[in-house]
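Please read the structure below before turning to the comments.
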Amino acid sequence: MSEIKKGGSTKPVLSKGEGLITGGIKRRDFLKILGVVGGTAAITGGCSPEPVEKIIPYVIPPDTIIPGIPKWYASTCMECPAGCGILVKNREGRAIKIEGNPLSPINSGGTCARGQAALQGLYNPDRIGGPHTRNSSGRLEPTAWDEAESILVEKIKEIRSKGNGNKIVFLTNNISGSLNRLIDDWVNALGGRHIVYETFSHEPLKEANRISFGINKIPTYHIEETKYLLSFGADMLETWLSPVQYARKFSEMHGYKNKSMGKFVQVEPRLSLTGVSADEWIAIRPGTEAFLALGIANAILSEGAASVTSGEADKLNRLVKDYKPDVVSLITEVPTETITRIAKEFVESRPSLALGGGAANTSSKSTETLVAINILNYIAGNVGDTVNFGDTLTLSNANSFREIASLVDSMSKSEVELLLIYNVNPSFTLPKTLRFDEALKKVPFVVSFSSFMDETTEQANLVLPDHTTLEKWGDYTHQDSVYGVIQPIMDPVFNTKSIGDVILSISKKIEGLESQFSSNTFYDYLRDSWRGIQTRLAPDKDFEAFWTDKVERGGIYREIAPIQVRLSQEVSTVSFSEPKFEGEGAIYFMAYPSYRYYDGRGANKPWLQELPDAITTAVWDTWVEINPETARKIGVREGDFLSIESPYGNITTQAYIYKGIRPDTIAVPIGLGHKSYGRYAQNRGVNPIEILPVLTDEASGGFAWLSTKVNVSKTGKREQLVKTQDSTSQEGRGIAQAITLKELESGVHEQHELGEKFDMYPPQKYIKHRWGMSIDLSKCIGCGACVTACYAENNIPVVGKGQVAKRREMSWIRIERFYHEDNGFDIRFIPMLCQHCGNAPCEPVCPVYATYHNHEGLNAMIYNRCVGTRYCSNNCTYKVRRFNWFTYNWPEPLNWQLNPDVSVRTKGVMEKCTFCVQRIRFGEDRARDEERNVRDGEIIPACAQACPTKVIVFGDLKDGESTVSHLAKDERGYRVLQEVNTQPAITYLKKVTWDKA
Amino acid sequence: MNQESALTYSKVNHDIIRMLDKPTVKWWSLFIFDLAVLAFGLFCFLYQVYTGLGVAGYRHPVFWAVYITNFVFWVGIAHSGTLISAILYLFRARFRMSIYRISEAMTVFAVLTAGLFPIIHLGRPWSFYWLLPYPNQRELWVNFRSPLLWDVFAVGTYLTVSSIFFFVGMIPDIAAIRDRVKEIPRKIIYTILSLGWKGSTWEWGHYTRAYFYFAAFATPLVISVHSVVSWDFAMSNVPGWHSTIFPPYFVAGAIFSGLAMVITLVVPIRKIFHLEQFITIANFEGMAKMIILTSLIVTYAYVVEFFMAWYSGNPYEWGQFMYRAKGDYALFYWIMIFCNSVVPLLLWFKKVRTNIKALFIISLFINIGMWFERFNIIVISLSHDFEPGGWGLYRVSWVELGVTAGSFAWFFMFFLLFIKILPALSISEIKEILPAPTREAKAR
Amino acid sequence: MIKEQGVFGIFSYIDSTVQAIKKLREADFKNLRVFSPFPSHEIEEALERRESIVRFFTLTGATLGALCGLTLTILTSLDWPIRTSAKPIVSLPPFMIFVFELTVLFGSLATLLGLLINSRLRRNAPRIMYDPRFSEDKFGIAVVCKIEDIRKVEEILKLSGADEVQFEGI
Amino acid sequence: MMKKLLKGCSGVLLLSLIFLGFYLYTAESSTKAPEQPIFFSHKIHSGDNQIPCQYCHSYVTESTMPGIPSMQKCMGCHTFIAGKDEEYKYDGKAINIQKEIQKVKEYWDKKQPISWIRVNYLPDFVYFTHKRHVLREGIECKTCHGEVEKMDVVQRVYRLQMGWCVSCHQEKAKDGDELTKLKDCLTCHK
C-alpha cells in the first residue's frame with residue numbers, strides 16, 4: 001500500500017528537481033498548498049499498521065482556503081480556440097477538477113474531454129520546471145529567471161542597435177484579448193511583426209464570406225434554431241470552430257422533444273464522429289462538395305422556392321444553371337433523387353442551415369465550395385437568421401497558412417533574427433515539405449514560451465516557460481459576444497512565469513518601452529484593459545464592482561443579434577472546378593483532426609491517450625481507416641501495418657477496417673507521432689501531416705488538408721490493434737435501441753414492462769431517496785467527455801497501452817459503439833456504466849459484503865472490505881466492474897490532482913461507478929445543514945455535469961416530481977437487458993431515427 | 001483366482017508392509033524433482049502476490065480462469081475416493097477393498113490441493129480469513145448467501161471428514177505395522193499413530209459401527225460438496241453457468257474424473273510393488289464399468305445443455321453454446337468432447353477394459369478432458385456473456401501455468417510420502433474377504 | 001487400574017476360537033477378551049455383545065451441528081442486516097446448506113470421539129495379554145479369572161485347540 | 001484419559017490463540033503520547049487557561065477537518081506571552097516553558113511550520129466529518145479525544161476503530177430507518 005499512499009498524495013513533498021526537469025515548486029508555497037494532511041485516501045486492508053504521519057500546519061493561513069472545503073473559481077479553457085467558460089475546483093489549494101461554467105453562453109456547463117484533461121497539462125510530469133538557456137555545448141540547461149530575461153533583453157538591444165527591429169517576429173496561436181494586444185503593441189514597438197498561427201484557422205470560411213457577402217469574418221451559427229442541418233464535412237461536434245457550443249446547440253436541434261426533432265444530413269467521404277450523429281450520411285466523392293451544393297441550389301431555384309429578389313435569382317441562376325442534379329450526380333457520385341430530395345427538404349423545413357469547411361475536407365477549392373454553400377444558405381433565407389454575422393469569431397484574425405509559409409520562407413532567407421514562439425508547435429503541425437525546421441536553424445535566436453518540451457521548443461535558444469491557463473491571469477475572446485476572464489486557480493506548480501509578466505518586466509529594461517509598458521504586472525495591465533471594456537460596456541458602473549463581478553461570473557456574456565447581409569456582386573465572378581490532388585496514388589488520403597488531441601497538443605495527457613476513440617475504440621496509437629472492400633483487394637486485416645506513400649514521404653500504421661469510409665479513401669487521425677513532447681506523447685503513433693504537400697486553397701491561402709492521393713501497401717507486419725471493444729455488432733440484443741419517428745407518432749411500439757411485477761421477492765424499501773439516472777441516446781454524440789470527467793473525479797488510474805491490450809482499462813463509464821448495416825451504414829453509441837440494479841446480481845455473491853444495496857438505491861462498493869474474489873464482476877450483467885490488477889501510480893505531480901474525497905484503490909480490489917457517491921454525500925449534507933430536502937438537479941455526477949449535450953439526467957426516483965422519474969416513465973424508456981430482471985436504476989431513452997426515405 | 005487362494009494372512013501383512021521398506025533411488029529422484037516443481041510453483045504464487053494479480057492472464061471480462069479450473073478439477077478428483085470408500089462400502093462392493101485406501105489418500109490430498117486455489121486466486125490473499133465467520137472488533141460477519149461461503153464450509157467439512165475417515169480406516173493396519181517393525185524411531189511413531197490398537201473384540205465392535213457412520217455421513221457429503229461447487233456457477237446468471245442440471249452434471253463429472261485419476265495412480269503402483277495379487281483385473285473392470293456409466297451421464301449433460309439453450313429460445317444461452325462449438329475456443333471444446341465422450345466408448349469392449357495399458361492411456365485422456373471441461377465452462381462462458389460490448393478473450397500466462405504445475409507437485413508430494421509411510425492397501429479388510437482359516441479346512 | 005490376572009490362549013483357527021469362547025461361556029467365564037486380525041462376526045455372535053453406543057455420540061453431534069448451523073447463519077445475518085440485491089436478510093434456502101454441512105461435520109467429529117472413548121484407544125502400546133501376531137494371523141482369548149480357576153480354563157482352551165496357553169498377571 | 005484431555009485442551013487453546021491473533025492483528029498499535037517537536041501542553045492552554053478548543057481548531061464546525069492552528073495563530077498570543085521562566089515537570093523531565101515558546105518564535109521567524117506528530121489517526125478510506133458530529137449532533141470533543149485539557153502531551157484515548165464508531169452509531173439511532181442509515185457502510189467509507 002505504501003507506494004499508493006504516496007500516489008495518494010497524503011504528503012507528496014516535492015524537493016527541488018525531483019522527477020522534474022528543474023525548479024520544482026517553492027517549498028513554502030507547497031506547504032501552503034498542503035495545509036493540513038488530508039489528501040486522497042489510499043485503501044488498505046482492515047489490518048493497517050498506523051504510519052507515523054506528520055501534520056503540517058499553515059504558516060500564514062490563506063484566507064480563501066478552509067481545509068476540507070472545496071472552492072470554485074471561474075476561468076476560461078484554453079485547450080482550443082473555442083475558449084469555453086470553466087469552473088475549477090480547488091481543494092487545499094490544489095486544482096482538482098474542471099467543470100463547464102453554466103453561465104458561459106459558449107458551453108453553458110458542458111466541457112469536452114480535452115477541457116477536462118487540462119488538469120493533466122497543469123500537473124504534467126514533463127512540464128518544463130523553469131527557464132532554460134542553450135549552453136556552449138548546445139544543450140538546454142536550467143537558469144534563473146532574471147538571467148534568462150536579461151539574455152533576451154541583450155538580444156533585443158543588439159538587434160535594435162543594428163536597426164533590425166523589423167527582423168523580430170512573434171509567432172503565437174490565436175490569443176485574443178489583452179495578451180494579444182500586449183504582444184501586438186510590444187512587437188510593433190520593437191518594429192517587428194506579430195503573426196498568429198492556428199493549425200485549423202479556417203481561412204476559406206472567411207474568404208468565402210468576403211466573396212459572397214463582403215464580410216471577411218467567420219460568423220456564428222444558430223444550429224439550435226434550425227430544423228434541417230446540412231453539413232458538408234463540417235466536424236462541428238469534434239474540432240470545428242467551437243465544438244462544445246455546437247454540440248449543445250446540435251442536441252437542442254436534434255434531440256427528440258414534444259414529438260419532433262430536427263434532421264441532420266452529413267456530406268463527407270468518411271463518416272466522422274459528427275457524421276455518426278447524422279440521420280443521413282452521403283458518401284460524396286472527395287472534394288466535390290461544391291457541385292453538390294450547386295446542384296441543390298439549382299434544384300431549389302428551378303423550383304422557384306428560393307427566397308431571393310428576382311435580380312439575385314437571375315444572377316444565381318446564371319451561376320448554377322450548368323449544375324443540373326443529373327450532371328452533379330455524375331461528378332459527386334450522389335444519386336440524382338437524393339439531390340432533389342435534399343433540395344426539397346432544405347427549403348421546406350425552415351429555418352435550415354448548411355455548414356462547410358471542416359479541416360479534413362478542406363481542398364484546394366474550398367473557398368468555392370463554401371461560396372456555393374453560402375449561396376445555398378442565402379437562397380434558403382438562412383443568412384441573417386441562423387447564420388449570424390453580428391457575432392463573429394476572433395479566429396478570423398488568424399493569419400493564413402500562406403502567410404505562415406512566407407514567414408518560413410523569410411526565415412530560411414535569414415530575414416528573421418529573433419523568433420519568439422508562444423503556444424504553437426509549427427515543427428509538428430506544419431508539413432515537412434515546408435521545411436520549417438531547416439528554416440528555424442537559419443534564425444539566429446529563437447525564444448519559446450512553451451510550458452512543454454515540444455518539437456519546436458527543443459530547438460529554441462531560450463525557453464521561458466509560461467504558466468498554464470490554470471495558474472495565471474488573462475482573458476480570452478472567442479466570439480464578439482463573450483469576454484472570458486482567466487484567473488489563477490492555484491500557485492504555480494513549477495518555477496514558471498506568466499508570459500505577460502515576462503514581456504512587461506523586460507520592457508522595463510529596454511529604453512523606449514518603459515513608458516509604453518509601465519504596468520508592473522500583467523495583472524495590472526489586464527485590469528487596465530478591462531477598464532477600457534467597462535467604459536465601453538458599462539460606463540456607469542464602478543470598476544472594482546464590475547471587475548469582481550466579472551471575475552466571479554467568469555466573464556462578460558452578451559447577446560449580439562444577426563445582421564442582415566445581401567449577396568455581393570463578386571459572387572458571380574466565382575468559377576467552379578474540381579480541386580487539385582498531388583500524387584499519382586489511386587486512393588484519396590484524408591488527415592482529420594482528432595477530437596482527442598486537436599492538432600496534437602492533447603497528446604501529452606494520459607487521460608486523452610486512454611480515452612477510446614469513439615468509432616474505432618482504439619487508444620494510445622494511430623491507425624488508418626480503410627474500407628472493407630479496399631482491404632479485401634489488398635488482402636488487409638485489422639492490425640496489419642500499412643505503408644501509406646505520398647510524393648512527400650510515407651508513414652506506416654495499423655489498419656482499421658471501417659465501413660464508414662469510401663472505398664477510394666483512407667483516413668488517418670492527426671495528433672500523434674510526436675518526436676518529443678513528454679513521456680506520454682513521444683514516439684507514439686504517426687503524424688499524417690508529414691506526408692502532406694504544401695498545397696493551399698487557392699483563393700484563401702488556407703492549408704489544403706485534403707490534397708493528396710496515395711499508394712497503400714501491406715508491410716507484412718501485424719499486431720493486435722489495441723482497442724477497448726472487439727465486437728461491433730450488438731447481436732440483436734437490444735443494448736442500444738432505436739425507434740423511428742413514425743413509430744413514436746403512431747405510438748405503435750411495444751411498451752416496456754419494468755421488472756418489479758415479475759419478481760419473487762418483495763420490492764426494495766428505500767428510506768429517503770432512490771438515486772437513478774436517465775440517458776438519452778438520441779442526444780449522445782460519443783464525444784467521451786463523460787469518460788474523462790469520470791477519470792478526473794474518481795481517481796481512475798491510467799493503465800497504458802500494454803494493459804489496455806489486455807482489456808484492463810479502468811474506466812467506470814465506457815461509450816460502447818455498435819455498427820448497424822440493416823439499411824445503410826450507421827453507428828450507435830451507448831454510455832455503459834454501473835446500472836445500480838435494484839436486484840443486482842453482483843451483490844449476493846460477495847462473500848464479505850464488500851458490495852451491497854444501500855438504502856438510497858446505490859449499489860455500494862466498499863473497497864477496503866474487498867478481498868478480490870471477482871465473483872461480482874463475473875455475475876455483472878453489464879460487465880461494468882473494474883478490477884485493480886496492479887497498484888497503479890500517478891507520477892509526481894499528477895497525483896496532486898487526485899480527489900481527496902475518493903479512495904485511491906490498490907491492487908486486488910474491485911471498483912466501479914458509484915454515481916459519484918461523494919457528491920451525493922455532500923449534496924445531502926448541505927441539504928441537512930440548510931434543513932431542507934435535496935433539490936432536484938442539485939446533485940450532479942461528474943459524467944452528467946461534463947456532458948456537453950446533456951444526455952445524462954441524475955436524480956431521485958423516489959420523488960415523483962423529479963425530472964428523472966418522469967423520464968423513467970418516458971415512452972422511449974427502456975432498461976438494458978431488462979429481461980434479466982436486474983431492475984436497473986438507469987433508464988435509457990431510445991435513439992430516434994428518421995424513417996429512411 | 002488361484003493366485004488369490006495362495007494368499008495367507010501373513011503374506012498379506014508381509015506384502016503390504018514390504019511397500020514401506022527403505023525408499024529406492026528412483027523414489028528419491030522422483031521426490032526431489034517433485035519438490036523442485038513445487039518450489040517453482042511457490043515462486044510463481046509469491047511473485048503474483050507481490051506484483052498483483054495482473055501477472056496472471058486474466059482480462060476483462062474473464063475474471064476467473066485457470067485457478068478456478070484447477071480448483072474444480074481437484075475437488076472433482078477428490079470425489080471418487082470417498083465414493084469408492086464410502087458409497088461402495090455401503091453397497092458392499094467387494095472390488096473396492098484393494099483400492100480404497102489409495103483412493104482415500106488421493107481424496108485427502110486432492111482436497112488439500114483444491115483448497116489452495118480459492119486463496120491463490122484472491123486479489124488480496126492476505127485477507128482470505130475474512131471469509132471465515134470469526135468475531136472481530138469491526139462487528140462484521142460474512143455473507144451466508146454467497147456461494148463462495150458455501151464452498152468454504154463444504155470443502156472445509158469435506159476435508160475434515162475425509163481425513164478422519166482416512167485415518168480411522170488405517171488404525172488397525174498401523175497397529176499391524178507397529179507389531180512388525182523393529183527399528184526404534186518408526187516403532188515409536190507407529191505406536192503413537194496406532195493409538196494402542198489391539199484388535200480386541202470391543203474395539204472391533206465400536207470400530208465397525210463408527211466406520212459405518214462415517215460412510216453414512218461421507219456419502220451425502222460427497223454429493224453435496226460437488227453440488228455446492230457447481231452452484232458457484234449455477235447460482236450466477238452468466239449464460240452457460242445458470243443451469244439447473246449443474247449439480248448432477250458436476251457430481252457425475254467428478255466421479256468420472258476421480259475414477260480416471262485412481263486408475264492413473266493405481267496402475268503404476270501395482271506394477272512397481274507387484275500387487276497383482278491384491279489389485280486384480282476384476283477390480284479395474286469394476287472401475288472401468290463405472291467410468292462408462294459416468295461418461296455417458298456427462299455426455300448426456302453436454303447434449304442437454306445444447307438442447308436447453310436451443311429449446312428455451314434464450315438468445316444469450318444459444319449464443320454462448322454456438323460460441324463454444326464454433327468460437328475462438330472451439331478447439332478446447334472439441335478436445336473435451338473427444339476425451340470425455342468418445343474415448344471412453346472403447347471401454348465397451350472387454351478386451352480394452354481388461355487391458356491395463358489401454359485403461360491407463362484412456363484414464364489419462366479422461367483427466368485431460370475433464371480439466372478442459374471445467375476450463376470451457378468457466379472461461380468460454382465468461383468471455384461471451386450478455387453484453388457484446390464487454391466481450392473479450394483470455395490468454396493464459398506463465399505464472400498460472402507455474403502455479404498449476406506446482407499444484408500437481410504438491411499433490412504428488414503427499415502421495416509419494418503416503419506410499420512410503422502408510423499402508424497403501426487395507427490389511428484388515430483384505431483379510432475380511434479372504435476365507436477365514438478353520439480347522440476343518442486344515443483337516444481336509 | 002484394577003489388578004488383573006488370567007489365562008491367555010492363542011489360536012490359529014477361527015472355528016476353534018469360536019468353540020473355545022462358547023465353552024468358556026458355558027463354564028460361566030464371562031470376562032473374556034478376544035483378539036482377531038479383522039472384525040469377525042462369528043466371534044461377535046459367540047460373545048453375544050450388545051450394540052455399540054457410538055451411535056448416541058453420533059446423534060448428539062449431528063443434532064448439535066444442525067442447531068449451530070441454524071443459529072450461526074441467522075443470528076449473524078440479523079446482527080448487522082445488509083441487503084444484497086432483493087434477497088431477504090434471513091434467506092433460509094442457502095442457510096440450509098450450512099445446517100447440512102455442520103451436521104455432517106459435528107456428527108463425524110462426535111463419532112470419532114465416541115470411537116476413541118468407547119474402545120479406550122489411549123494406551124501407547126498394549127503390554128499385557130497381547131501378542132503381536134494378533135495383528136497378523138492369530139486369534140487370542142484372555143480369560144480373567146481367579147487363581148483357583150486357572151487349571152480349568154487352561155483345560156478348556158487346550159481342548160478347543162489353542163496353540164499356546166499361558167498365565168499372565170500383574 | 002490424561003492424554004485425551006491434554007489433546008482436547010491444546011486444541012481449544014490453539015483455536016482461541018488463532019482468534020486472539022486475528023483480533024490483535026486487526027486491532028491498532030499502542031496509544032502512548034509521542035515525542036512532539038515542541039513541548040505543547042494542552043493542559044496549560046485549554047485546562048489552566050480555559051482556551052476553548054475551537055479557538056485553535058477553528059474549522060471544526062465548518063469542515064470535515066478540525067484544522068491545525070497556523071503559526072500565525074500561535075504568535076497571535078505568543079508575541080505578548082513569553083511564558084514563565086520556570087521548570088515545568090512532565091514525566092520526570094523538567095521543561096522550561098519560556099525556552100519552548102522561544103522555539104515557536106524561531107520557527108515563526110524562519111517562516112517555517114512545526115511538523116507535529118499525528119496522534120489521532122483514521123485510515124484514509126474513512127470519511128469522517130467533524131462538522132457533522134460536532135455542529136449537528138453536538139457531540140463533545142472529549143467523547144472521542146478524551147479529556148485533552150488534563151493532558152500535557154496529548155495521547156490517543158480511544159483507538160477510533162470501526163467497532164467503536166459503530167457501537168456509538170448504534171446507540172444514537174432513534175429508529176430502525178436511522179439505524180439503517182447510521183450503519184450504512186457508505187456513511188463512513190469512501
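Note that the structure is a prediction, hence the values are computed from the model and not measured. Chain letters run A, B, ... following the sequence lines, proteins first, then strands; residues in each count from 1.
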(request) Grab the two heavy atoms, one from Phe818(A) and one from Glu387(B), that are nearest each other, plus how far apart they are. (result) CZ-OE1, 4.0 Å
(request) Could you pull out the closest heavy-atom pair between Asp385(B) and Cys876(A), with the gap in Å? (result) OD2-O, 3.9 Å
(message) Counting only heavy atoms from other residues, nucleotides and ligands, does the tally under 6.0 Å from NE2 of His855(A) exceed 12?
(response) yes
(request) Take atom CH2 of Trp231(B) as the centre, draw a 6.0 Å sphere, and report whether it contains more than 12 heavy atoms from other residues, nucleotides or ligands. (result) yes
(message) Please give me the minimum heavy-atom distance between Tyr316(B) and Leu977(A), naming the atom from each residue.
(response) OH-CD2, 3.2 Å
(message) Whether the side chain of Arg124(B) engages the backbone of Asn864(A) through a donor-acceptor N/O pair (distance < 3.5 Å, no angle test) should be reported.
(response) yes
(message) Which heavy atom of Leu131(B) sits nearest to which heavy atom of Val867(A), and what is that distance?
(response) CD1-CG2, 3.9 Å
(request) Indicate whether any N or O donor in one side chain lies under 3.5 Å from an N or O acceptor in the other, for Arg145(B) and Tyr849(A). (result) yes
(request) Determine the interplanar angle of the Phe63(B) and Phe883(A) rings, folded into 0 to 90°, and report it as parallel if under 30°, tilted if 30 to 60°, perpendicular if over 60°. (result) perpendicular
(message) As an exercise: rank Asn237(B), Leu382(B), Val152(B) by heavy-atom pairs under 4.5 Å with chain A and give me the winner.
(response) Asn237(B)
(request) Verify side chain to side chain contact (heavy atoms under 4.5 Å, CB included) between Trp391(B) and Asp726(A), making sure each step is shown before the conclusion. (result) CA-CA 7 Å; Trp391(B) 287 350; Asp726(A) 296 337; 5.8 Å; no
(request) Between chain A and each of Gly392(B), Pro388(B), Pro118(B), Gly52(B), count heavy-atom pairs under 4.5 Å; write down the option with the most. (result) Pro388(B)
(request) May I ask you to name which of Ser236(B), Ser381(B), Pro239(B) has the most heavy-atom pairs under 4.5 Å with chain A? (result) Ser236(B)
(request) May I ask you to establish whether Arg870(A) and Tyr58(B) are in a cation-pi arrangement, using a distance under 6.0 Å from NZ or CZ to the six-membered ring centre and at most 45° from the ring axis? (result) yes
(request) Heavy-atom pairs under 4.5 Å with chain B are the metric here; pick the option from Glu816(A), Glu979(A), Arg733(A) that has the most. (result) Arg733(A)
(message) Can you tell me how far apart OG (Ser383(B)) and CZ (Arg807(A)) are? Round to the nearest 0.5 Å.
(response) 11.0 Å
(request) Check whether Tyr67(B) gets within reach of chain A through its side chain, its backbone, both or neither, counting any heavy atom under 4.5 Å. (result) neither
(request) Report the option among Arg814(A), Arg808(A), Gln725(A), Glu809(A) that has the most heavy-atom pairs separated by less than 4.5 Å from atoms of chain B. (result) Arg808(A)
(request) Considering only heavy atoms and a distance below 4.5 Å, find which of Val55(B), Asp151(B), Asp232(B), Ile68(B) pairs most often with chain A. (result) Asp232(B)
(request) Evaluate the criterion side chain to side chain contact (heavy atoms under 4.5 Å, CB included) for residue pair Asn143(B) and Val848(A); output intermediate values, then yes/no. (result) CA-CA 6 Å; Asn143(B) 179 4; Val848(A) 293; over 6 Å; no
(request) Mind listing the closest non-hydrogen atom pair of Cys866(A) and Trp130(B) along with its distance? (result) O-CZ3, 4.3 Å
(request) Could you tell me which portion of Ser729(A) (side chain, backbone, both or neither) has an atom closer than 4.5 angstrom to a non-hydrogen atom of chain B? (result) backbone
(request) Please state whether the side chain, the backbone, both or neither of Trp141(B) comes within less than 4.5 Å of a heavy atom of chain A. (result) backbone
(request) Return yes if some donor-acceptor pair links the side-chain N/O of Trp885(A) with the main-chain N/O of Arg59(B) below 3.5 Å, else return no. (result) no
(message) Using a 3.5 Å distance criterion without hydrogens, assess whether the side chain of His60(B) forms a donor-acceptor pair with backbone atoms of Thr724(A).
(response) no
(request) Could you tell me which portion of Ala805(A) (side chain, backbone, both or neither) has an atom closer than 4.5 angstrom to a non-hydrogen atom of chain B? (result) backbone
(request) Start with the C-alpha gap between Leu53(B) and Lys907(A), add the side-chain angles, then the distance that decides, and say whether side chain to side chain contact (heavy atoms under 4.5 Å, CB included) holds. (result) CA-CA 8 Å; Leu53(B) 207 55; Lys907(A) 74 177 172 217; over 6 Å; no
(request) Please flag which part of Pro61(B) lies under 4.5 Å from any non-hydrogen atom of chain A: side chain, backbone, both or neither. (result) both
(request) Determine, stepwise, if the pair Met235(B) / Val845(A) fulfils side chain to side chain contact (heavy atoms under 4.5 Å, CB included). (result) CA-CA 9 Å; Met235(B) 286 292 158; Val845(A) 297; over 6 Å; no
(request) Heavy atoms only: give me the nearest Phe386(B)-Thr877(A) pair and the separation to one decimal. (result) CD1-CG2, 3.5 Å
